[in-house]
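One structure is given here, and the rest of the page talks about it.
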Amino acid sequence: MLAQIHITFKDGVLDPQGKTVHHALNDLGYDEVQEVNIGKYMEIKLDSASREEAEIRVREMCEQLLANTVIESFRFTLVDTE
Amino acid sequence: MLAQIHITFKDGVLDPQGKTVHHALNDLGYDEVQEVNIGKYMEIKLDSASREEAEIRVREMCEQLLANTVIESFRFTLVDTE
Amino acid sequence: MVKLSFNLLFLLPKSTVDKPKKNRPDPEITPQIVKEHGLTIEEFRRILDLIDRTPNLTELGVFSVMWSEHCSYKSSRPYLRKLPVEGPRVLQGPGENAGVIDIGDGLAVVFKIESHNHPSFIEPHQGAATGVGGIMRDIFTMGARPIALLNSLRFGEWDEPRTRFLLNGVVDGISSYGNCTGVPTVGGEIYFDACYNGNNLVNAFCLGLVKSDRIFLANAGGVGNQILYVGSKTGRDGIHGASLLASSEFDETTEDKRPTVQVGDPFTEKLLIEACLELFKHDWVVGVQDMGAAGLTSSSFEMAHGSEAGVFMDLSKVPLREEGMIPYEILLSESQERMLFVIKPGYESEALAVLDKWGLDAAIIGEVIEEKSVRINFEGQEVVNLPTFPVVDGALDLKRELKRPAYLDDVVQVNLTEIPDITRGDTALKKLLASPNIASREWVFEQFDHMVGLNTLVMPGSDAAIIRIKGTQKAVALSVDCNSHYCYLDPYEGAAIAVAEACRNIVCSGAQPIGLTNCLNFGNPEKPEIMWQFQQAVEGMGDACRFFDIPVVSGNVSLYNETKGDAIYPTPTVAVVGLVEDQEKIMTQGFKKAGDQIALIGFTMEELGGSEYLKVMLDRSDGKPPILDRKHEKQVQSFCSELIQKGLISSAHDCSEGGLAVAVAESCFSYGGHTLGATLTLDQTLRTDALLFGETLSRIVVSFPEERTDEIEELAMRFPIDFSLIGKVGGSDFTVNVNGQEVIKQEINVLKEIWKTSLGSYAGQVT
Amino acid sequence: MKCGVVVFPGSNCDHDCYHILSHILGQETHWLWHKEEVNLESFDLVVLPGGFSYGDYLRPGAIAGFSPIMNTITRFAKAGGKVLGICNGFQVLLECGLLPGALIQNQSRKFICKNVFVSIDNPDTDFTRSCGDNRVLEIPIAHHQGSYYIDPHSLSQLEENKQIVMRYCDADGNVSSSSNPNGSVGSVAGVTNEQKNVMGLMPHPERCADPLWPRTDGQIIFQSLISAS
Ligand SMILES: Nc1ncnc2c1ncn2[C@@H]1O[C@H](COP(=O)(O)OP(=O)(O)O)[C@@H](O)[C@H]1O
Ligand SMILES: [Mg+2]
């Protein structure tokens with residue numbers, strides 16, 4: 001099983017990296033860029049008994065460690081790998 | 001238009017962050033974790049004339065600025081937002 | 001190039017080593033394969049002679065890396081032998097991972113500088129980061145705790161499209177790696193010049209502190225000692241001849257061309273430092289070697305060779321990061337953050353426990369054997385069996401052709417009558433202060449943690465950094481230097497000037513030079529002109545070191561710094577380490593108090609050749625570099641250090657790029673302190689441009705309280721040395737009057753702003 | 001005062017904190033290894049030092065927050081024990097919820113190492129009481145992720161509870177965006193918990209507490225703690 005996890009800043013938290021990249025892209029002539037948000041993408045290979053179990057465990061991992069829920073939100077999808 | 005960009009290390013490139021998070025998850029009791037890879041996820045809001053154009057421009061942005069193509073590879077999808 | 005004919009190969013004795021059966025079949029060694037391993041026909045013949053059979057592919061790989069320029073120093077070794085390497089304080093000269101100098105109190109400093117030029121050009125962030133990691137390992141491999149880092153960076157011109165990207169990447173890389181390991185980056189230098197457009201230079205220096213009786217060498221000791229692998233797992237990073245591996249002839253599982261850059265893991269490095277220093281406390285540690293260039297290969301062969309023994313290793317026991325790695329790859333991998341220890345048998349579990357505590361991978365992978373060979377097994381098969389001598393020392397020194405480059409004929413004394421003198425210097429001063437090679441480096445060193453460790457008595461931004469030695473009254477001063485422009489115009493004098501200037505920086509900070517390390521960055525040695533530059537520079541450096549009585553204890557050579565036939569200027573970077581006996585007697589370059597006298601030690605001549613002034617104002621880079629009068633230089637330095645030792649002066653700053661006007665302005669700005677104005681009153685018959693901006697060597701600007709003037713002047717007279725009062729600290733302007741005529745008047749804060757922001761605003765722009 | 005200095009893998013200001021507490025200020029100081037669950041009952045102060053615990057991988061302080069020693073430290077703090085988190089130590093305290101808020105990348109996206117000024121916002125804590133009239137300190141920062149973030153509602157709560165201990169300012173004590181080095185909300189440089197026995201700050205008081213340097217403003221923090229114990 002592969003968990004694909006996306007972690008992004010919550011609304012209202014200023015993302016300095018996103019802001020800088022946005023400026024940089026505009027300066028480079030990409031005028032069509034309206035907004036940039038930068039987050040993390042993680043792939044976790046799991047050896048779980050079932051999809052249900054994986055679902056619960058990955059959520060737990062995100063809440064406990066992978067995301068800081070004061071500033072970040074997360075979402076994930078599970079992909080069968082066999 | 002929204003570009004959703006995933007940037008990950010190329011095969012064989014050391015991912016120190018992934019390695020350390022992998023250990024940490026195991027230490028926390030998530031024994032089912034087999035491998036962790038950590039990359040970046042970017043969302044770019046675009047004001048492009050067409051999907052085709054957006055496709056070309058986003059690829060260019062990735063190559064020019066967003067990804068470090070010496071060690072990273074990227075993929076992206078375009079989502080209509082209207 | 002001569003081609004090795006197949007017929008010849010058939011005449012060769014068959015390899016006696018079994019080929020690994022379970023893995024890919026070992027291919028025939030064809031001339032093509034030999035060539036792809038960077039070995040010449042002569043070298044291959046020599047290998048056959050030395051081992052009396054054909055090497056298998058893995059063995060050929062071993063020879064290829066060990067006989068490479070990088071590991072064997074085959075072009076440079078004959079010249080390096082001429083450097084002075086001895087002195088009463090030298091505990092270890094060149095030949096080990098780093099040099100060691102005794103500083104008394106039972107302590108010694110360990111230091112070396114090394115290049116990471118090519119990797120940093122391909123991927124500036126990781127290239128620079130791994131450069132820092134590599135040099136630190138050289139230092140703690142000797143048993144020392146790294147306590148300071150410096151770097152010497154060279155980039156192309158500001159207008160070159162890639163320069164900004166490289167500058168940002170390199171600085172980021174150094175910052176990310178050094179800061180994380182908790183070793184302060186306390187100084188360095190940055191130059192921009194068109195000659196580095198296609199080849200930037202990243203030279204990293206590290207200094208460590210060790211008890212003088214606890215120095216460890218790359219020694220394997222006696223038979224039966226255990227070989228302990230420590231650190232990151234081995235991956236396929238930076239494998240030499242990767243193109244060959246990927247070629248379909250013998251590998252169907254061809255994959256994407258692998259990136260040749262390695263990613264640094266500073267966290268693992270930090271753990272390695274702590275774990276190694278903990279291991280070094282034990283008497284059962286016999287020897288240690290880091291796995292740098294050529295990885296497991298060079299570390300095992302060098303340790304075996306160094307102790308006149310042999311080594312047996314089982315590669316199946318090496319911790320691997322990737323699946324399916326073959327012996328060739330495991331041996332040649334350049335994965336970072338790895339070390340090889342030799343420990344006495346019976347202490348394996350104790351050693352492994354220490355490493356486990358720090359969360360590091362470790363494994364016993366072999367032992368020391370009597371036979372002077374390195375024998376390597378993999379999955380039960382012997383894959384390498386080579387005598388150590390031919391591999392480590394068998395490469396022949398190359399007698400490369402030398403030829404004085406023709407361009408030198410065109411370098412003549414700049415004809416000053418062609419250049420109109422100036423009546424005011426304001427514009428030139430402002431331009432110089434904003435220019436790439438003079439503007440403040442604050443933007444760079446603020447990204448480096450230069451304070452961690454609580455030892456940095458003098459932070460970046462003065463002539464030399466000063467690191468105190470806790471528990472003693474001592475401190476060490478560090479400076480890295482090279483004006484490659486001068487070296488281009490005259491490699492012999494340029495290298496000597498680099499030595500003189502680094503020493504002058506050390507002296508200005510209140511220290512005495514005690515040792516030197518160098519990084520010789522040059523173009524393609526196969527070109528006789530480049531080899532001539534190399535020979536001249538090494539000779540100039542050696543002569544200057546002999547004259548100033550400073551031993552060269554370590555160094556590094558980086559050749560082939562050229563792109564499309566354009567070589568860099570010869571860049572023999574030197575880093576000098578100085579000793580301060582009393583922490584109270586340190587000196588900085590900034591003026592301290594309004595009302596203080598400003599004076600110049602040394603004198604100014606009409607020298608503008610190779611100056612920043614000519615480059616910035618007239619876009620000229622010709623002429624002869626300023627003249628180094630060594631005796632005079634020595635006098636200037638010893639007078640300055642006498643003033644400091646007697647506690648008579650408040651600041652000292654040497655004149656270099658930009659000349660007198662820039663040196664005084666820099667003393668006004670002094671990072672961290674207050675900004676003070678100054679008025680210079682000069683009586684001179686020299687041209688104004690040369691007086692203000694010429695780069696005559698052997699000059700130091702000092703300041704001191706007015707009431708000490710008589711005492712100092714008298715000392716100067718008795719010394720004797722050229723010494724002149726040139727002005728006063730104070731006011732809110734920088735003013736220069738020459739022969740009663742005002743030639744510069746600017747608000748000091750305006751000048752400071754120009755100088756301070758130039759580099760940062762350049763770096764921050766998007767192209 | 002009996003002090004403990006925590007060592008996480010990757011801590012690198014641990015020796016510096018130890019040096020100031022033990023050698024400069026003469027306090028009884030012990031190392032606390034991250035894997036140990038020592039009994040902290042007899043301790044007056046636990047310091048979480050700066051550095052890059054776990055390489056700052058994932059987020060600074062995130063992984064260290066799960067070290068075994070953090071359980072003990074949490075109990076110690078709940079029982080009123082004094083805990084000081086400096087830089088990375090601050091990040092750890094935020095990650096494990098002993099302090100409110102979070103730290104994100106500096107606005108400049110660069111590591112910043114330099115001296116800054118901070119003004120003491122609350123001189124009435126065990127960490128600041130010795131400042132007397134000296135309300136503006138010159139103190140070094142050295143971080144990449146030091147921009148303090150908390151939502152506006154919680155920020156005003158912090159202000160009400162006097163939990164903001166120090167803010168970045170200029171040499172004269174004026175707090176403004178031009179003297180804010182990293183983009184922290186409200187220029188916040190250090191905060192306490194509600195009970196005011198746990199403090200985290202980004203500046204490094206241990207880097208300006210050795211009399212070998214001209215300024216020793218950082219001693220105020222340690223002297224306050226010594227007086228309070
Ligand atoms: N230019 C030089 N001057 C003096 N010694 C040098 C010079 N270049 C290399 N050396 C010495 O040669 C030895 C081998 O250098 P190098 O291969 O760079 O070391 P490492 O194997 O640690 O990377 C070292 O002891 C180094 O100090
Ligand atoms: Mg080495």
Side-chain angles (χ1 to χ4, degrees), chain A residues 1-9 11 15 17-51 53-67 72-78 81-82, chain B residues 1-9 11 15 17-51 53-67 72-78 81-82:
Chain A
M1 194 91 62
L2 185 72
Q4 300 178 315
I5 307 172
H6 292 83
I7 297 176
T8 46
F9 277 119
D11 278 351
D15 163 18
Q17 204 180 351
K19 206 177 94 181
T20 316
V21 169
H22 183 178
H23 277 180
L25 287 171
N26 286 161
D27 284 352
L28 287 172
Y30 297 103
D31 297 325
E32 68 267 50
V33 171
Q34 304 290 303
E35 202 185 311
V36 178
N37 286 297
I38 300 188
K40 287 180 200 139
Y41 172 65
M42 305 187 192
E43 289 188 344
I44 300 193
K45 233 184 239 157
L46 293 166
D47 171 25
S48 301
S50 69
R51 210 183 170 80
E53 195 199 294
E55 178 95 27
I56 296 171
R57 298 281 282 182
V58 172
R59 182 172 309 283
E60 233 177 79
M61 291 179 213
C62 288
E63 280 166 356
Q64 200 182 347
L65 178 70
L66 303 179
E72 295 168 330
S73 45
F74 64 89
R75 61 190 161 82
F76 64 89
T77 47
L78 294 172
T81 41
E82 259 78 286
Chain B
M1 193 94 59
L2 185 73
Q4 300 178 316
I5 307 171
H6 291 83
I7 298 176
T8 48
F9 276 125
D11 271 355
D15 173 12
Q17 192 168 212
K19 187 179 89 176
T20 308
V21 170
H22 182 178
H23 276 181
L25 286 171
N26 286 161
D27 282 350
L28 286 174
Y30 298 103
D31 297 326
E32 68 267 49
V33 172
Q34 305 288 303
E35 204 185 309
V36 178
N37 288 296
I38 302 189
K40 286 186 206 123
Y41 172 66
M42 305 189 187
E43 288 186 346
I44 300 192
K45 229 180 241 157
L46 293 166
D47 172 24
S48 301
S50 71
R51 209 184 171 81
E53 193 201 295
E55 178 96 26
I56 295 169
R57 299 281 282 180
V58 172
R59 180 171 312 282
E60 235 176 77
M61 292 179 212
C62 287
E63 279 164 0
Q64 200 180 344
L65 182 76
L66 304 177
E72 294 171 335
S73 43
F74 63 87
R75 62 192 159 79
F76 64 88
T77 48
L78 294 171
T81 41
E82 258 80 283

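For clarity, every value in this text was computed on a predicted model and none was experimentally measured. Naming: A, B, ... by sequence-line order, numbering from 1 per chain.
- Taking the side chain as every heavy atom from C-beta outward, B:E32 and A:M1 never approach each other to under 4.5 Å.
- Taking A:V36, A:V58, A:L2, A:I7 one by one and counting their heavy-atom pairs under 4.5 Å with chain B, the maximum is reached by A:V36.
- With sequence neighbours left out, the salt bridge (Lys or Arg N to Asp or Glu O under 4.0 Å) criterion links B:E55 to B:R59.
- Contact count versus chain A (heavy atoms, under 4.5 Å) is highest, among B:Q17, B:H22, B:E60, for B:E60.
- Residues A:R57 and B:D31 come closest through the heavy atom pair NH2-N, 4.2 Å.
- Only the side chain of B:E53 comes within contact range of chain A, with heavy atoms under 4.5 Å apart.
- Among the candidates B:A54, B:A49, B:G39, the residue making the largest number of heavy-atom pairs closer than 4.5 Å to chain A is B:G39.
- Neither the backbone nor the side chain of B:I5 comes within contact range of chain A; no heavy atoms are under 4.5 Å apart.
- Heavy-atom contacts from other residues, nucleotides or ligands closer than 6.0 Å to NE2 of B:H23 number 12 or fewer.
- Atom CG of residue B:L46 and atom CD of residue A:Q34 lie 8.0 Å apart, to the nearest 0.5 angstrom.
- Between A:E35 and B:E43, every side-chain heavy-atom pair lies at or beyond the 4.5 Å cut-off.
- Heavy atoms closer than 4.5 Å to chain A are found in the side chain of B:L66, but not in its backbone.
- Residue B:I44 touches chain A through both its backbone and its side chain, counting heavy-atom pairs closer than 4.5 Å.
- Separating the CG atom in A:L25 from the CE atom in B:M61 is a distance of 6.0 Å, to the nearest 0.5 Å.
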